[in-house]
Amino acid sequence: MSDSESNTSESPIERFIPTGFYDVIKQERVFIGLIGLFFFLAGIAFPYAKIAMWVGFLFAGYSAIANDSIQTIGTFLASNSDKKWWVLWLWIGGIFLITVTASWYIYDGDVTYQRLTSKGFSQAPTDFSFLQVAAPIFLLILTRMRMPVSTTFLLLSAFASSAEGITSVLGKSLQGYGLALIAGLVVWLIVTNTLEKRFNGEPSKIWLPLQWIISGTLWAVWVMQDAANIAVYLPRSLDFNQFLGFSLFIFFGLGLLFYLRGDRIQEIVTEKSRVTDIRSATIIDFVYSILLVYKLTISTVPMSTTWVFLGLLAGRELGMSIMDGKEHGRPLKKVFGMAFKDLSYALIGLAVSIILAISINDQVRQELLQMVGF
């Protein structure tokens, strides 16, 4: 068949749509089908509060863990790619169960370490809108697009009863990003020429248990911060059966995530310099865990741990580039490009979360408009 004959066989629509579009649709047909099914389920469930809270929780549970996996277990996965997935899962999943069980017992059924006691989030929802139940589905879509958006903004903003709740989370998160950027820069200005330049050859045997302990600690601190993003759908005090449903679903969801090796968003971590080296990964997790512990203890206001992690990675890459661009780090231009891309994705998530918040709650919309002078 000649070129002219093949062109005439195309429909008018096909001539204006890139051929790559059809390839994407073909590759993602299962995912697109699941997203359509999830939106349908959200539409059926949202009028019935007792059903909607669990449907929303199920969506939020997996989507939040999947998107935020890059922060806490991303470097752990990258530097342990030679280990069996189920061994990694049992370690991280076991720590999750211990952490949330401790909170549930100490705080009378609260699994969030009192993250939801701050103004704007203290009352559990008694009814749901479609967008509240569907909010985690948008997060799944952004995660599939490899966007490290803030689950704190995207999920909690949908339930904020006042604009102050959103602005307080935003303020604490911006502070966290700036603090992490500075900490990452300072630490790796020192580390690059004192430790990382010696990271050649096989690491000493001490690094493996050290990394597993530090990564486990980081994961536990992250759960203390971000379990609120998932539990926001549920009563603020869970009875035993509710707690069992909450904890076991997340536990087995982690199993799926480890089986998939972090899925596509893991590329946010693996594109960074030397993160597959267990020694570099351990240092990243250690600094990150200290930052989260500090932010965890200064107030009970929820915070975007995603922004803190992105700030830390940006500071690290910048420090490595300044000290040794040829051997360890990347050129400054590329570093700024990666940092800008990561931050722009986080800002997209913030924009989506604000749109959801003002679409759901009239009071929040009015208060936010007043804040910007309308």
Side-chain angles (χ1 to χ4, degrees), residues 34-35 37-69 72-73 86 88-117 121-140 143 151-152 154-156 158-159 219-260 263 302:
L34 285 174
I35 291 298
L37 175 62
F38 293 161
F39 276 120
F40 176 72
L41 291 175
I44 293 177
F46 83 88
Y48 310 98
K50 291 185 178 180
I51 298 175
M53 72 176 185
W54 286 106
V55 172
F57 159 73
L58 295 178
F59 292 157
Y62 185 75
S63 63
I65 297 294
N67 194 278
D68 282 353
S69 65
T72 49
I73 55 180
W86 57 267
L88 306 179
W89 165 49
L90 290 179
W91 173 248
I92 294 297
I95 292 172
F96 168 79
L97 291 177
I98 293 171
T99 304
V100 295
T101 300
S103 178
W104 180 75
Y105 179 77
I106 295 170
Y107 297 108
D108 192 26
D110 178 12
V111 294
T112 72
Y113 286 84
Q114 298 187 311
R115 297 297 102 183
L116 293 177
T117 60
F121 302 103
S122 58
Q123 297 298 318
T126 55
D127 53 54
F128 295 84
S129 69
F130 169 75
L131 287 177
Q132 285 176 320
V133 180
I137 306 175
F138 293 102
L139 180 58
L140 281 172
T143 301
T151 58
T152 302
L154 193 56
L155 297 179
L156 290 191
F159 292 91
W219 169 245
V221 176
W222 179 88
V223 171
M224 294 176 188
Q225 276 280 4
D226 277 20
N229 302 344
I230 305 167
V232 69
Y233 286 87
L234 303 176
R236 297 300 177 255
S237 179
L238 304 181
D239 62 32
F240 178 75
N241 290 332
Q242 291 171 334
F243 171 71
L244 208 60
F246 167 84
S247 57
L248 291 182
F249 175 77
I250 301 300
F251 177 75
F252 288 108
L254 283 168
L256 176 59
L257 189 65
F258 273 93
Y259 177 76
L260 297 174
D263 209 3

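A heavy-atom distance below 4.5 Å is not found between the side chains of Ser247 and Thr101. Counting heavy atoms from C-beta on, the side chains of Trp86 and Phe258 never come closer than 4.5 Å.
With sequence neighbours excluded, the residues forming a side chain to side chain donor-acceptor pair (under 3.5 Å) with Thr112 are Asp110, listed by chain and number. Partners of Phe249 under the side-chain contact (heavy atoms from CB on, under 4.5 Å) rule, at least two apart in sequence or in another chain, are Phe57, Leu58. Under the ring-ring contact (aromatic ring centres under 6.0 Å, His included) criterion, Phe128 pairs with no residue at all, not counting sequence neighbours. Every residue meeting the ring-ring contact (aromatic ring centres under 6.0 Å, His included) condition with Phe38, not counting sequence neighbours, appears here in chain and number order: Phe59. With sequence neighbours excluded, no residue forms a ring-ring contact (aromatic ring centres under 6.0 Å, His included) with Phe252. Residues that satisfy the side-chain contact (heavy atoms from CB on, under 4.5 Å) test with Phe251, not counting sequence neighbours, are Trp89, Leu90, Leu97. Applying the side-chain contact (heavy atoms from CB on, under 4.5 Å) test to Ile98 and every residue at least two apart in sequence or in another chain returns nothing. Listed by chain and residue number, Tyr62, Leu260 satisfy the side-chain contact (heavy atoms from CB on, under 4.5 Å) test with Leu256 (two or more places apart in sequence, or in another chain). With sequence neighbours excluded, the residues forming a ring-ring contact (aromatic ring centres under 6.0 Å, His included) with Phe39 are Phe138, listed by chain and number.
The two residues Ser129 and Gln132 make their nearest non-hydrogen contact at N-OE1, 3.0 Å. Of all non-hydrogen atoms in Asn229 and Leu155, the two that sit nearest each other are O-CD1, 3.4 Å.
Side-chain atoms of Tyr113 come within 3.5 Å of backbone N or O of Thr99 as a donor-acceptor pair.
Here the CG-CD1 distance, from Leu41 to Ile51, works out to 11.0 Å after rounding to the nearest 0.5 Å. Taking CD1 of Ile95 as the start and CH2 of Trp219 as the end, the distance is 9.5 Å to the nearest 0.5 Å.
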Quick one: side chains of residues 236-245, donor-acceptor pairs under 3.5 Å with protein atoms, not counting sequence neighbours, listed by atom name and distance.
{"residue": "Arg236", "atom": "NE", "partner": "Phe121", "partner atom": "O", "Å": "3.1"}
{"residue": "Arg236", "atom": "NH1", "partner": "Val232", "partner atom": "O", "Å": "3.2"}
{"residue": "Arg236", "atom": "NH1", "partner": "Leu234", "partner atom": "O", "Å": "2.8"}
{"residue": "Arg236", "atom": "NH2", "partner": "Phe121", "partner atom": "O", "Å": "3.1"}
{"residue": "Arg236", "atom": "NH2", "partner": "Gln123", "partner atom": "O", "Å": "3.3"}
{"residue": "Ser237", "atom": "OG", "partner": "Asp108", "partner atom": "O", "Å": "2.7"}
{"residue": "Asp239", "atom": "OD1", "partner": "Asn241", "partner atom": "N", "Å": "3.2"}
{"residue": "Asp239", "atom": "OD1", "partner": "Gln242", "partner atom": "N", "Å": "2.8"}
{"residue": "Gln242", "atom": "OE1", "partner": "Asp239", "partner atom": "N", "Å": "3.0"}

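Aromatic ring orientation, Tyr233 versus Phe159: perpendicular (interplanar angle above 60°, classes split at 30° and 60°).
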